[in-house]
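Numbering of residues begins at 1 and proceeds along the displayed sequence. Treat the numbers as computed from the prediction; the structure is a model and nothing was measured.
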Amino acid sequence: MIVLGIALATVASFLASAALYAIPAVSTLIARTSTPRPGLPVAVQMLTVVVRSLLAAGLIAGLMATAGWHGAAAGALLGLALSVLPLTLLSGGVIHENTAVPAAGVHLLDWVVKLVLTGAIVGLFL
């Protein structure tokens, strides 16, 4: 059952990201403040989003199973707590690499939504 939860959470996470970055204001902001990696096909970029989502769902499932936590609420709370990790990484980018604050904010929102959604879905299967 947990494998199904991880798979569903991975797909939902990918779709949530796609929806966020498809918002015209968001896509314009990211296009204006980011430099795409040359030579990396869009299909490969999308595959990496799926793989990262799969890894996050597996991590959340493992943490929840180890802690004996069950349910969507516990999973969502764990996802929210784990949001401190992308916050620290993105703030480092803002401070040390001159990443635009609005772009970092969009990426942080993306991760918070994905982690909370992933946690809630995975929690339903534990």
Side-chain angles (χ1 to χ4, degrees):
M1 260 326 240
I2 190 61
V3 172
L4 178 60
I6 291 170
L8 289 174
T10 299
V11 171
S13 175
F14 178 81
L15 293 174
S17 252
L20 174 64
Y21 288 103
I23 297 170
V26 172
S27 60
T28 300
L29 171 71
I30 296 303
R32 189 178 71 243
T33 59
S34 300
T35 305
R37 181 170 300 280
L40 190 60
V42 172
V44 173
Q45 293 177 38
M46 295 301 103
L47 180 61
T48 65
V49 174
V50 172
V51 169
R52 290 192 319 255
S53 298
L54 178 63
L55 291 171
L59 173 67
I60 289 172
L63 290 171
M64 289 187 73
T66 301
W69 297 338
H70 306 280
L77 188 58
L78 176 60
L80 185 61
L82 289 173
S83 296
V84 74
L85 299 173
L87 171 65
T88 59
L89 294 171
L90 289 164
S91 65
V94 168
I95 293 167
H96 301 292
E97 297 168 3
N98 201 28
T99 300
V101 173
V106 167
H107 296 314
L108 179 60
L109 175 63
D110 178 41
W111 271 108
V112 171
V113 168
K114 289 193 302 190
L115 288 168
V116 170
L117 179 63
T118 296
I121 292 170
V122 168
L124 292 172
F125 290 84
L126 284 174

Output yes when a side-chain donor or acceptor of His96 lies under 3.5 Å from a complementary backbone atom of Val94, and no otherwise. no
Determine whether Tyr21 and Val116 fall in the same hydrophobic cluster, where Ile, Leu, Val, Met, Phe, Trp and Tyr are linked whenever their side-chain heavy atoms lie under 4.5 Å apart. no
Check: Val113 and Leu20 side chains under 4.5 Å, non-hydrogen atoms: no
May I ask you to test the Leu115-Pro86 pair for a side-chain heavy-atom distance under 4.5 Å? yes
First locate atom OG of Ser53, then atom CG of Leu15, and finally report the distance between them rounded to the nearest 0.5 Å. 9.5 Å
Determine yes or no for a side-chain-to-main-chain donor-acceptor pair under 3.5 angstrom, with Thr66 supplying the side chain and Leu63 the backbone. no
When rounded to the nearest 0.5 angstrom, what is the spacing between CG in Leu108 and OG in Ser83? 7.0 Å
Nearest-0.5 Å distance that lies between atom CD1 in Ile60 and atom CD1 in Ile6: 10.0 Å
What are the two closest heavy atoms between Met46 and Phe14, and how far apart are they? O-CE1, 3.9 Å
How long is the span from the CG atom in Leu54 to the OG1 atom in Thr118, to the nearest 0.5 Å? 10.0 Å
Check whether any side-chain N or O of Ser34 sits under 3.5 Å from a backbone N or O of Ala31 as a donor-acceptor pair, and report yes or no. no
Side chain to side chain contact (heavy atoms under 4.5 Å, CB included) with Lys114: of Asp110, Val112, Leu117, only one passes, and it is Asp110
Least distance between heavy atoms, Gly5 atom then Val122 atom: O-CG2, 4.1 Å
Flag yes if Val49 and Val42 sit in one hydrophobic cluster, no otherwise; membership is Ile, Leu, Val, Met, Phe, Trp, Tyr, and two members link when side-chain heavy atoms are under 4.5 Å apart. yes
Spatial distance of atom OG1 (Thr10) from atom CG (Leu55) [nearest 0.5 Å]: 8.5 Å
Between CG of Leu126 and CD1 of Ile2, what distance do you get to the nearest 0.5 Å? 3.5 Å
Do you know which two heavy atoms are closest between Ala104 and Thr99, and how far apart they sit? CB-CG2, 4.2 Å
Would the distance check show the side chain of Glu97 and the main-chain N or O of Gly92 forming a donor-acceptor pair, the cut-off being under 3.5 Å? no
Hydrophobic clustering (ILVMFWY, side-chain heavy atoms < 4.5 Å, transitive) - are Met1 and Ile121 grouped together? yes
If every non-hydrogen atom of Met64 is compared with every non-hydrogen atom of Leu78, which pair is closest and at what distance? CG-CD2, 3.5 Å
Same apolar cluster (I L V M F W Y, side chains within < 4.5 Å links), Leu109/Trp111: no
Does Leu85 offer a backbone N or O that forms a donor-acceptor pair with the side chain of Thr88 under 3.5 Å? yes
Within-4.5 Å side-chain heavy-atom neighbours: His70 and Phe125: no
Are Val50 and Val11 joined in one hydrophobic group, where the rule is that I, L, V, M, F, W and Y side chains link up if heavy atoms are under 4.5 Å apart? yes
